[in-house]
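To start, the structure under review is shown below, and the notes come after it.
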Amino acid sequence: MGDRLRIFLTISCLFLIWISASASIPLSESLGIAPQDLSYYKSDVIKCKDGSKKFTKEQLNDEFCDCPDGTDEPGTSACSQGKFYCRNAGHIPLTVFSSRVNDGICDCCDGSDEYNGIVNCPNTCWEAGKVAREKLQKKIAMFQNGITIRKQEVEEAKQAFAKDEAELLKLKSEEKILKEIVQKLKEQKERIEKAEEEERKKKEEEIRLKEAERKANEAKKAFEESSHDSSDQAPEKLSELPNQDAMEDHHDSAIEEKSDYTAETEISDSQAVGKVANDHDDTIAKSGDETDDTIAKSGDETYDTNEESSFSHVEKQHLVGDQDSTMLKADTDDYTRSKEAPSSHVLEQGQVLDSTEGLSREELGRHVASRWTGENAAEEEDGVDTAKEQGHEHDEDIPEENHGGYNSYSDEDHNFDDDDFEDDPDMEFGDHEEPAGTDSSDENDKTDYSDLTSSGSSSWLDKIQQTFSNVFQAINFFKSPVNISEADTVRKKYEDSSSKLSKIQSRISSLSEKLKHDFGKDKEFYSFYDRCFETKQNKYVYKVCPFKKASQIEGHSTTQLGYWDKFEESYRVMLFSNGDRCWNGPDRTLKVRLRCGLKDELMDVDEPSRCEYVAILSTPGLCLEEKLKELQEKLEDVNASRPSIHDEL
Amino acid sequence: MLSPASRSPRILLLVPLLLLLLLFSAASAWKKDEFRNCKQTPFCKRARGRKPHSVPSLSVADVSISDGTVAARLLPSQPLRQATAVDDPESDTVPPRPLLLRISVYQGGVLRLHIDEDTSAPRRRFQVPDALLPDLDDRRLWLSRLSSPASGSSSFYLADGFEAVLVHDPFEIQVRRKGLREPVVSLNSHGLFDFEQLRDKKNDGEDWEEQFRGHTDTRPHGPQSISFDVSFHGADFVYGIPEHASTSLALRPTSGPGIEYSEPYRLFNLDVFEYLHDSPFGLYGSIPFMLSHGARSSSGFFWVNAAEMQIDVLAPGWDDPAAPANGRIDTLWMSEAGVVDAFFFVGPKPKDVLRQYTGITGTPAMPQKFAVAYHQCRWNYRDEEDVASVDAGFDEHDIPYDVLWLDIEHTDGKRYFTWDRLLFPNPKEMQGKLAAKGRHMVTIVDPHIKRDDSFYLHKEATGRGYYVKDATGKDFDGWCWPGSSSYPDMLNPEIREWWAEKFSFQNYAGSTPSLYIWNDMNEPSVFNGPEISMPRDAIHYGDVEHRELHNAYGYYFHMATSNGLLKRGNGKDRPFVLSRAFFAGSQRYGAVWTGDNTADWDHLRASVPMILTLGLTGMTFSGADVGGFFGNPEPELLVRWYQLGAYYPFFRAHAHQDTRRREPWLFGEHSTALIREAVHVRYSLLPYYYTLFREASVSGIPVMRPLWLEFPADKETYNSGEAFMVGPSLLVQGIYEERQKSVSVYLPDGQSWYNLRNGVSYTGGVSHKLEVSEDSIPTFQRAGTIIPRKDRFRRSSTQMVNDPYTLVVALNGSFAAEGELYVDDGKSYDFEQGAYIHRRFIFADRKLTSVNVHPANLGGKFSSDCVIERIVLLGLPSGAKKAVIEPGNHEADVELGPLTLRGGSSPDAITVRKPNVRIADDWTLRIL
C-alpha cells in the first residue's frame, strides 16, 4: 500500500515539476542546462563556449549541432561533444554525455535524459537519494572519526620522529667521541704491544747473548780441548737461530690476532653487523693488523651510502656494484633474470638440443602450450619433485637475504651470494648463513640497542670516557717492563670500545636509513615503517611492509611483488616495484591504494594485468579534512535539493 | 587469475645455459624447425625439382561430350608408354591407369576441370564435400558442341568472348579470348603436370612411412600427390592464396632467376606461435585461390583441395633464363593428395573474377549489424567484476563498443560450454547487464574436447564414436588447452548436426540470445602433434585420412558452429562466429582474423596486405588484433593501430594474457582521446560499412579493397599494400612507422580526392607528400561519391538505430556524385524477403535525388523513420542560398558547417541544415 502511494506521489510530483518547469521557460530551451548556466543562454544570440561561432535562441536545443563543443545542444544528442545536465531533484544532480540523451537507457534518476517517448524512465531520485544520503552521512561520520585518529597518530609520529632524530644526532656525536677513544686505545694498545715485543725481544736477545756466550765459551773450550774441525759450523748455527725464533713469533702473533678477531665476530654477530665481519672474513684474516680499520671503514662507507637519501633500491645496488666491480653488477642483472628463467628452463633446453623428440607426448603438449601460457611445462607433471622444493627454498631465502635489512650490507651480501650462485649452481640456498627473516633481525636491532639508547646511555658514555681517561693516565707514562695487567686492561677496553662503536655505527646506519624516507605531509605514515599488513585471499597471503617490500605467500613459497619505491598521487598510492620477474612479462609491481578508514587494514588484492598487482589499504592517514569538507558540501547540496521538491509540491 | 607464486624460479641448475637460451629465443621466437619446409616434404621436393617438360607427358584421348560436360581420358603419350610398358616390365614405373578428365562450364565465365583416377584405383581419392555452393550444378551450362579448328585440340564455348581449348598432346588446358591465340589462363603449358596414382605396396616391403621430428606418418596409402603449372597470361601480378604474413599484397616470386632461396607459399593450416610478419610459411587458414591482374586483363584459378598445398610463383625466366617471358606469370601448384578439381575464372575485370569465385564458393554472409562495430577482447577478462568494470570504463570515457569477449579462462577447466563457477557465477545476469546497454558477448568454443569422463560432451562424443580416430582406430588423443583432448570429426554431417545442437539455449547453460561464439584453435591445433597439429594419418568419417582434408577441418568446425547459432535462433537470427582457421567458402559462416600477431610496427603494416588478400579470396569479414596479440604496444603504436583498425572490416582489440592491460583509457588522457576519435570514426561510418557488407554479400566484392580493384587500369596501384579502399569511396593510408612526420600517398587516377581531415581537394594520378599528425591517419573521399554517416555517438551501435543520418557529398569535376545506403533490421533474415531499405543518392545539376533500388517485386517490408539531418557538400561552387525539397516544397537552410562534428578544427563545407528527409522516401533536394 505504502509503496504504491509513494509511486503515485512520485509520479504526480514528477508531473508537477514538469508542468511547472514548462510553464516558466519552454522545456526545450532549458533542457540539459545546469542552473548556474541558465543565464548564459539568456540573450538572443549566444556564443558557442569555445568561441567558434554564434547561434540564435531558435537554434538552442533544435536537434542540430551548430557548436562543435555542443553549447547549442545541451538538451539533445545532436552534438557529440555535448553534456546533458539532469537536475535529479531529491538526489545529486548529474551531468551525462549527450550520447546518453534519448538512447533508450535511463541514465538520470529523474528520467529527464529520455523524453522522446521510446522508453519510460520513472523518477527514482527520491529513493536513490535517500540511499545515497545515508551512505554519504556514514562516510562523513567515518571521516570525522578518522580525522581524530589521524591527528593523534600524526602527533605520535612527530614525537617518534623527533625522538629518532635526536637519537641519531646524539649517536653521531657519541660516535665521534668513541672513534677518538678507540683510535687512542688502539694506538695505546699498539704501543703496549710494541713495548711488549721489544721487551720480549730484549729478553730473547739476552737469552741469545747468554747462549752465544755460553756456546762461545764451550767452543772456546772445545777449540782449546780438541782439533779445529768444527770451527766453520758455529757461525751458521748462530745465524739460524734467530730466524727460527722470528718465524715462530710471527706465527704466534697471527694466532693471537685471529682469535681476537673471532671474539669480535662473536660479539658483533648478534648485532646484525656481524654479517659484515663474516663477509670480510677473508680480507680480515689476510690483512691481519688492519682488521679494525676494515670494519670501521666499511661502516663509514655504509653510512655514506645511506645518506644519499634519494637513492632508490636499484640505484643503491648499482652503487655498491660500482664500488666493488662491474662483475658484481653483471651478476645482479643475471640474478634478476634468472629469477624467472628457470620456469622455462626445461623447455628451452629442449629447444636448443632440438630434441622435443625425446619428450613424451604429454610433455610435448605441455611444452608447446607453455609458449602461450608461460606456465612451466615441467612443473605440473609431478606434484613434488626436487626441483620444486629447491625452487621454494630459492623463493623464500634469496629475496629475504637480498633485502633483509635494507642496508647496503645486504646488498653486498647479495652480490657475494650471486658469485657463489654462479659458480656453484648446485649449492643449497639453505646454506646461507642468515636463516632469520627481516622482521626478526629488525627486532634484534632494536633490542640490542635498547641499552644504548635508553636514558642511561649518557652515563654509559661518561663511564667509558672515565675509564678511558683512567686507563690512559695510568699507562700514559710508558714504563718498562710493561705491567701485564695494565696491558690486558687496555686490550679489553679497546675491544669493548670498538665493539660499542660498531654497534653505534650500525644503529646510526639503520636510523638514517629510516629517516631518509618520506613519511607523508604530516609524517602520518611514520608508524608504517616498522609494520607489515597482511590479508589472505584464496590460497595466497599478501604481505605489505611499507617502505620495505610486498610479497605474495603461498604455503612455503614467497613471490616478491615489489620493493618499496615511492608514494604516488600525493600520498594516495604506495608503489612497490622491481619485484620478481614474470615469465614472458614484466617485473612484478604492486600499487597499494590508500583510503580513509578507521583501522589500518589491507584488502582487495587484485591483479588486473599480468603481474601488475593492486591492493587497497584503509588507514586513518587518508582521512583528510579537505575531503571531509568536500563530502559535507556534497551532503549540503543534496539536502538543499530536497526542500525544493516540497516547495514545488 | 592471480599469477601463482609458482611462476617464480624453480630449477636452479644450468642457469647460465638457460640465460644463453633466452637470448637465442628472443632473437626468433618463431620455431622454424617445428614446421616442415619444402625439402622435408617429399612431394614438394620432388615436384619442385622438376624441369619443364621433363615429366612423362600425358595426352588426351576419347574426347566426348556427355551430360553437357566434356569427358576424356588422359593417357601417357605414345612413345613413352611403349618404352615403359614393354622394355622394362620390372621397372618402378608401373604402367599407369588412364586418368579421367571432365570439363564443365558455369554461368558467368567459369571453367571447371576435374581429373581423377578411374574406378580401378585401390581407393577413392578425397573430394572436399560441402565446400562449394550446393546449387552450383543449377548454373552449369549444357555443352553440346565441340569444335576442333585444328586437329589436336578441342575447343568449346566458355562465356561470351571466351572459349576453352583442350590441347590433346601433350595435354594442356587454355582459356582464351575468342579469336586471340594467347590464352588468358592455362594449365600444363610447361608440362609439369604430374599425378601420382594410388598403388599397392610392392612386395619387397616398400617403406612409405615419413618421419618428422619424432612423429611418424604411416602413410598407408603411399605417395599420391598432384602437381601442375598454371600460367596467367597478360598478368603483371598475382594475388591471393592466403594465409601468409606479408608486407606485400602482390605475391612475390618464390623461385626463378634473381630470387634468393625462398620456400613456396605453403597452404597448410597451422597454429604458429609468434609468426613472422613476412614469410611464405603457412598460417591458420588456406584458400587455394589465386587471381591475376594486369593492364590487359584479370583472371583467376582455384583448386578445391584440402590437403597440404605448396605453390611457387615463378619469376620470369624460370624456364629459360635467356628468354624471360614478360606479361605472363607462371605458377607451380603442388598438393599432397586429393583430386584435380579446379576452376578457371575468365575475368576480364578484377571484380568479375571475384564475382566468379564467390559464385562458386559463396558470397560472404550478411553479418549482424553489431558485429560490424567495435569489439573488445582480451585473454582474459577474468571474472564478472572485471567484465563489469571494463564495460563501465567504456561508458565513463564515452567510447562506444558493441561486444565484450571472453577467452578460454572463462570456462570450467577449458571445458567449452561451461563456466568457471567462481569467476562467472551468474553468466546470464552478466550478459543481461550488457544486453541492457545494447551490447553483446562472445565466448570461445574450441574443437579440442577435454578427455574427462565427467564432462558430458566428452561422454557423448566417446559414446557415439564422434571423435577423429588415430591411425590405429582409437579415438585420437592429443594435447591442447585442457590437457588430453579429442576432436569431433566435423567432416561427418551427422556430427556437425550434433555439435550444432550444443548451442541451443537449453544445452549451453548460461547462454542468452546476446551471446555469440568464437572458434579458435581449429586448424586444428594439437600441441603435441606434428607441426602442432593433427597427424596426417588420423582417420575421419568415410575412411578419409586427415592429410586429405586437413585444411578444411576448421572450415567444417566453423560451419557446424555457425549452424548451431542459426538453429538456436530458429533460423531467424544471423549467426556471428569468428574463426581462426578457414578454407574456401568460410565466408558463408562468419568472420576470421589474422591470428596471434605481435605488437610491433611490422605487424601493423602486414595486417593490411593480409586483410586485403582475405577480402580478395572471399573472406571480407576479417581483421587483425588491434594492438597486436603478443607484447605490449607503445601508446603511439596502439593509437595508430586503432586508427587503422577502425577501417578493418572486423574491428577487434585483443591481447595475450601476459600483456599489460590495454583498455583504451589506460594510456593517458591524450591517447584516450585519440583512440576515442578513432572508434568514433568507425561508428560514424557504420551506415557506409553496413551498406558495403550488403554489397559484399550480394556480389562478393570485399569491403576493404586493394586500390586496383577500383582502379584496374591504374598501374601505379597494382602493388600497393599500404593504402587501401573502403568500398568505392574512401581511401585510407595507414601510418606504419614510429614518429612518422610525413607520408607519400598515391591517389589513383581519374578523380580528385578530398582529404577528410582538412577538406582540401587533391588531384588524382600523382603521389602527394602529406604531413602526418598524430590525430588521424590520412583518409580521402573520392570525388563523385556520397557517403552516408551517423554522427551521433552512443554507447553501442544498437542505440544508434533511430539516429539521423549525415550525407557527405563529394562532387567531381562535373559537380556530380553518387552513393548508396542499405538499411535493414540488422539481425534477422527478413532482408532475404525484401525487408530492407536500399537507396541510391544521385547528385547532378545541383540536385540531390534519393532513388529506390529495392526491387519492387520483393514483398518484405522494412521501414524506418530515420531522417537525414545534415548534407555536407564538398566541391560545390559557392552561391548556395537555400535548399528546396520535393515533395512538399519545403525549404532547408544552407550554411557553412563543419565537415565533421568531432574535434575542434574541422574545415567548413557547404551544409544543408536539417533537410529532415526520410531515408525511406523518394525525394529531391535542389540547391538554390
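Chain A is the first sequence line, chain B the second, and so forth, proteins listed ahead of strands; every chain is numbered from 1.
Side-chain atoms of Lys31(B) never come within 3.5 Å of backbone atoms of Val368(A) as a donor-acceptor pair (strictly under, hydrogens ignored). In this structure, the side chain of Arg661(B) does not engage the main chain of Glu612(A) through any donor-acceptor pair within 3.5 Å. At distances below 3.5 Å, not a single donor-acceptor pair connects side-chain atoms of Arg610(A) with backbone N or O atoms of His656(B).
The shortest heavy-atom contact between Gly365(A) and Phe527(B) is O-CB, 3.2 Å. In plain terms, the two heavy atoms of Phe64(A) and Glu869(B) that are nearest each other are CE1-O, 3.2 Å. Nearest heavy atoms, Arg382(B) versus Pro608(A): NH1-CA, 3.6 Å.
Atom NZ of Lys54(A) sits in a sparse spot, with 12 or fewer heavy atoms from other residues, nucleotides or ligands closer than 6.0 Å. Within 6.0 Å of NZ in Lys591(A) there are 12 or fewer heavy atoms belonging to other residues, nucleotides or ligands. Atom CD of Glu385(B) sits in a sparse spot, with 12 or fewer heavy atoms from other residues, nucleotides or ligands closer than 6.0 Å. Within a 6.0 Å radius of NZ in Lys414(B), other residues, nucleotides and ligands contribute more than 12 heavy atoms. Within 6.0 Å of atom NZ in Lys474(B), 12 or fewer heavy atoms from other residues, nucleotides or ligands are found, so the atom counts as exposed in its surroundings.
Neither the backbone nor the side chain of Cys79(A) comes within contact range of chain B; no heavy atoms are under 4.5 Å apart. For Asp395(B), the parts sitting under 4.5 Å from any heavy atom of chain A are the backbone and the side chain alike. Looking at Glu396(B), only its backbone comes within 4.5 Å of chain A, counting heavy atoms on both sides. Interface remark: Asn802(B) contributes side-chain atoms only to the contact with chain A (heavy atom separation under 4.5 Å). When heavy atoms are compared at a cutoff of 4.5 Å, Arg378(B) approaches chain A solely by way of its side chain, counted from C-beta outward. Residue contact with chain A, scored on non-hydrogen atoms closer than 4.5 Å, is absent for Ile408(B). Only the side chain of Thr911(B) comes within less than 4.5 Å of a heavy atom in chain A; its backbone stays farther off. Contact of Ala436(B) with chain A is made through the backbone alone, with heavy-atom distances under 4.5 Å.
The pair Arg792(B)-Glu73(A) does not count as a salt bridge, with every side-chain nitrogen at least 4.0 angstrom from each carboxylate oxygen. Contact check on Arg913(B) versus Asp62(A) returns a salt bridge, with a Lys/Arg side-chain nitrogen under 4.0 Å from an Asp/Glu carboxylate oxygen. A salt bridge links Asp398(B) to Arg100(A): at least one charged side-chain nitrogen sits closer than 4.0 Å to a carboxylate oxygen.
For Trp372(A) and Phe629(B), the ring centers sit 6.0 Å or farther from each other.
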Go through the steps for Arg361(A) and Trp479(B) under the test side-chain contact (heavy atoms from CB on, under 4.5 Å), then give the verdict.
CA-CA 8 Å; Arg361(A) 293 188 66 247; Trp479(B) 197 270; over 6 Å; no

Intermediate values then yes/no, side-chain contact (heavy atoms from CB on, under 4.5 Å), Gln657(B) and Thr373(A):
CA-CA 8 Å; Gln657(B) 63 172 349; Thr373(A) 60; 3.8 Å; yes

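Atoms CG and SG, from Asp658(B) and Cys611(A) in turn, are 7.0 Å apart once rounded to the nearest 0.5 Å. In this structure, OG on Ser80(A) lies 5.0 Å from CZ on Phe793(B), to the nearest 0.5 angstrom. To the nearest 0.5 angstrom, Asp386(B) atom CG is 7.5 Å from Asp606(A) atom CG. Note: Arg371(A) CZ to Asp596(B) CG = 12.5 Å, rounded to the nearest 0.5 Å.
Per-residue counts of heavy-atom pairs under 4.5 Å with chain B were compared for Val101(A), Leu561(A), Ile118(A); the largest is that of Val101(A).
Of the residues listed (Gln799(B), Arg795(B), Lys437(B), Arg794(B)), the one engaging Asp103(A) in a side-chain hydrogen bond (donor to acceptor under 3.5 Å, both in side chains) is Arg795(B), and it is the only one.
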